[in-house]
Protein chains: 2
Amino acid sequence: MITTKDIAERLGISVSTVGRALADDPRISEETKFRVRQAASEMGYVGNRAARMMRGASSNVVGLVIPDIRNSFYSTIAHELSKNMEAQGFQLMLSETDDDRAVELRHLRELSANRVAGVIIVPTARPHTESVKLLRALPHLQLLRKHPSLGSQWFGVDDHEALRQATAHLVAQGHTRLGYLGGPVELPTGAERLKGFQDALREAGLPDEAGHAELGPPSSVEYGREAVRRLLDGPRAPTALVLGSVQLTLGVLEELSQEGVKVPEELSVVGFGDEPGFSWWGPGLTTIGLPIQEMATGCALWMMRRLTQKPSNDGPYTSVSPGSLVVRGSTAAPSGGTSPDRSG
Amino acid sequence: MITTKDIAERLGISVSTVGRALADDPRISEETKFRVRQAASEMGYVGNRAARMMRGASSNVVGLVIPDIRNSFYSTIAHELSKNMEAQGFQLMLSETDDDRAVELRHLRELSANRVAGVIIVPTARPHTESVKLLRALPHLQLLRKHPSLGSQWFGVDDHEALRQATAHLVAQGHTRLGYLGGPVELPTGAERLKGFQDALREAGLPDEAGHAELGPPSSVEYGREAVRRLLDGPRAPTALVLGSVQLTLGVLEELSQEGVKVPEELSVVGFGDEPGFSWWGPGLTTIGLPIQEMATGCALWMMRRLTQKPSNDGPYTSVSPGSLVVRGSTAAPSGGTSPDRSG
DNA sequence: CGGCTCTGTGCTAACGTTAGCATTGCTGTT
DNA sequence: AACAGCAATGCTAACGTTAGCACAGAGCCG
C-alpha cells in the first residue's frame with residue numbers, strides 16, 4: 001500500500017508537507033500541492049483511515065444491527081439509512097442477529113472493536129448484559145423495539161394502536177371469534193401488538209374467549225404456515241385472523257392459498273405491513289400499512305445530526321409513527337355470524 | 001476509551017504484559033493472565049482494531065457493493081454472506097450504488113480508505129477507471145454481472161440459458177408474437193438475457209419481428225409498469241411476455257392485476273426470480289427460479305477461503321449456476337393463435 | 001543593517017498495539 | 001561457585017497520519 005512517506009520520498013519532500021498538501025492546507029504553495037496531488041493520483045494513494053483514527057479522528061461507519069435483512073421491513077430501513085448516510089460520507093456496517101442474543105453480542109463486540117461512530121439497533125428480546133454495556137458506550141438509536149436498559153433514543157411505530165385499529169375493523173364487521181398470530185410477549189413489539197388486539201376486543205365488550213392468540217418466532221415464514229393450520233383445524237376456529245408480523249403474514253398467505261381457504265367468506269384476514277404481492281393476494285389483502293420509509297429517514301437524519309454536530313444532544317428522543325389500515329377485499333362480515341349492527 | 005495502558009497502570013505492570021495476557025501468550029503466568037482479564041472485563045476494555053491494523057493485522061471487514069438492498073435478489077445474497085462471514089469473525093460493509101457509477105466510485109474509495117479485506121461487487125454497467133483501479137488492488141469477487149477489466153473471479157447464473165429456456169417454453173406452446181422486458185444491453189446480464197430470448201426465437205425458426213424487446217432500468221418497479229402498458233397498447237401487442245428482472249416482474253404483475261388483463265388467456269407471462277407472492281399471483285406465475293442462496297453461499301465460502309488461507313489462490317474462478325423454469329398457470333397456448341403443433 | 005513579519009517547509013511526538021530484544025531472578029548443572 | 005537455561009516481564013520501535021513547534025529564507029521597516 002502506498003503511504004504519504006512513499007509520495008514524500010518520490011518528490012524529495014517531507015511527509016508533513018505531503019499530508020498538508022493532501023489536506024489542502026493554506027500554508028502549502030500551490031505548486032507543491034499540485035505536484036503532490038499528481039503523484040498521489042499516479043501512485044494510487046488512498047489515505048489510511050485506521051491511522052487517521054489513531055490520531056483522534058472519528059470513524060465514518062455506523063453499525064446497523066437487525067434480525068434479518070431478507071425481511072423487507074429491515075431492507076427498507078437499511079436502504080434508507082445507506083442512502084442518507086452515503087450523502088454525508090458515512091458507511092454502513094450490516095449485522096444480522098437472527099434474534100439470537102449471542103450473535104448480537106458477537107456483532108456488537110466487533111462493531112466496538114472497529115470503533116464505529118454509532119449503532120442503530122433492533123435489539124433482541126433480552127440482550128446480554130455486555131451488549132447493553134457496549135451499546136451504552138456508543139451513540140445508539142433503537143429501532144422498532146425498545147429495551148428499557150438502553151438509551152432513550154427510539155424510533156418506532158405505534159404497535160398497540162395499529163393492532164387495535166385492525167382488530168376493531170374486524171369487530172365492527174361482526175366477528176366474535178378472532179385469532180391473532182404474532183411474536184412473543186418477550187419482544188416489546190410482540191407485547192404491544194398483542195395488547196392492541198386484546199384491548200380492541202375488550203373495548204368492544206367481547207369476552208376474553210373471543211380472541212385466541214398464537215405466539216411464536218415473528219421472523220419465521222414457516223411458523224406462520226404451521227400456526228394458521230393449527231388455528232383453523234382447532235376446535236373453535238376463528239372467523240377472522242389478525243397478523244402481527246410481515247414474515248408470519250407471508251406464511252399465512254401461502255398456506256391459505258395452497259389450502260384453498262375462501263377469503264373473506266370462510267375467514268377474514270388482516271395482514272401486517274404492505275409488501276408487493278399483498279395487493280394481488282386473493283381478493284386483495286386488508287393490511288396494516290406502516291410508514292417504514294419515513295421512519296428510516298428520520299432515523300438516519302437523527303443519527304447524522306448526532307454524529308456531525310458538536311453539542312451531543314443526547315436528550316431523550318422518541319418518535320412514534322402511526323400505522324394506517326389499508327382496506328382491501330380480505331375482510332367482510334362472518335358468513336353465518338352476527339350482523340355488523342350488534343345493538344342488542 | 002480504555003486502552004491496554006490504562007489496564008497496565010491499574011495493575012502496575014507494563015503494556016506488553018497486558019497485551020500478551022490478552023493474547024493468551026504462553027509466556028505469561030496464569031495468575032497475571034487472570035488479573036489482566038479481570039481488570040479488562042471490569043473496565044470494559046475493547047481492543048482497538050485500528051491500532052492492530054497499523055501493526056500489519058488485516059481487516060475483518062468485507063465490502064458488499066450492490067445496486068439496491070431492497071431487491072430481494074440482493075438481500076438474499078447479503079443475508080447469506082453475512083451469516084457465513086459472521087461464523088468466521090468477519091463483518092459486512094454494505095454499499096448501495098443505485099447503479100450509479102459515481103456513487104459506486106465514492107463507495108469504493110471509502111472501502112479502500114477503511115482498508116477492507118475484500119470486496120464482493122455487482123458492478124455497474126461501466127465502472128469508472130478509478131473504480132477498476134481500486135478494485136484490482138483488493139481481493140474482489142464479481143457477482144452476477146461480469147466486467148471484463150476486473151478480476152476473473154465471478155459467481156453468476158446462466159442468464160442466456162435461463163431466458164432461452166423460458167422463451168422456448170412459450171414458443172413450444174405456439175406463441176409467435178413475444179415481448180421481452182429487461183435491463184439494458186450495457187449490463188452484461190441484460191445483454192445475455194436478451195440474447196437468450198432472441199436465440200430461442202431464432203432456434204424455433206421464427207422471424208426477427210416475432211420478438212419485441214423493451215429495455216430499461218432493471219431495478220425500477222415503476223418502469224416495469226409503464227413498459228408493459230406500452231407493450232400491450234402498441235400496434236402488435238404480444239401474446240406472451242418474458243421478463244428479465246425481478247423488479248420489472250413486480251411492476252408488471254401489479255400493472256396486469258390492476259388493469260385486469262386475463263392471464264394466460266389474453267397474455268402468457270414468464271417472470272424472473274421466484275419471490276413470495278409469485279405463486280399466488282393470478283393463476284400462479286410461471287417463472288425462472290434462480291439458485292440465489294446457493295450462489296451466495298458459494299460466494300461467501302470462496303471469499304472466506306481467499307482471505308483466511310495463506311496461498312492466494314487467485315486463479316480464474318467462475319461458477320455458473322443454472323436457472324430452472326417453475327411452471328405454474330400463467331402460460332398457455334395463445335387463444336386465437338397457432339396450435340402447439342406447427343408442423344407446417 | 002539588525003530585527004521584524006511572513007511564507008513555506010521540516011522535525012518530532014503521539015495515537016494503541018504488538019514483536020523483537022533485553023532484563024531480572026530463579027533453578028539446576030558442572 | 002560459576003554459569004547455562006528458563007520463566008516472567010519490561011523496554012523500544014514501528015505501523016501511517018497529523019498537529020504543534022521549529023526553522024530557513026525572503027522582504028520590509030526603522
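Note on naming: letters A, B, ... go to the chains in the order of the sequence lines (proteins, then strands), and numbering restarts at 1 for each one.
Looking only at distances, no side-chain donor or acceptor of W154(B) sits under 3.5 Å from a matching main-chain atom of L143(B). Proximity of a side-chain donor or acceptor of H79(A) to a complementary backbone N or O of D68(B) within less than 3.5 Å is not detected.
For the pair N48(A) and T3(A), the minimum side-chain heavy-atom distance is 4.5 Å or more. Side-chain contact between T32(A) and R20(A) is absent, with no heavy atoms from C-beta onward closer than 4.5 Å. Annotation: side chain of E86(A) is not in contact with side chain of E110(B) (no heavy-atom distance under 4.5 Å).
Between atom CZ of residue R52(A) and atom OG of residue S58(A) there is a gap of 11.5 Å, rounded to the nearest 0.5 Å. Here the OG atom belonging to S219(A) is positioned 7.5 Å from the CG atom belonging to D98(A), to the nearest 0.5 angstrom.
Proximity of residues 1-17 of chain B to DNA chain D (heavy atom under 4.0 angstrom from any strand atom) is restricted to I13(B), S14(B), S16(B), T17(B). Within residues 51-58 of chain B, the residues approaching DNA chain D are M54(B), R55(B), by heavy-atom distance under 4.0 Å.
Paired with M93(A) under the rule side-chain contact (heavy atoms from CB on, under 4.5 Å), one option of L64(A), N114(A), V62(A) passes, and it is N114(A). Each of R10(B), R37(B), R35(B) was checked for a salt bridge (charged side-chain N to carboxylate O under 4.0 Å, His left out) with E42(B), and the lone residue meeting it is R10(B).
A 4.0 Å heavy-atom criterion places the boundary nucleotides of DNA chain D facing chain B at dA8(D) to dG16(D), written 5' to 3'.
Within the 4.0 Å cut-off from OP1 or OP2 of dT9(C), at least one side-chain nitrogen or oxygen of T32(A) is found.
Comparing R27(A) and G19(A) against DNA chain D, the residue whose closest nucleotide sits nearer the 5' end is G19(A).
S95(A) and Q91(B) share a side-chain donor-acceptor pair at under 3.5 Å.
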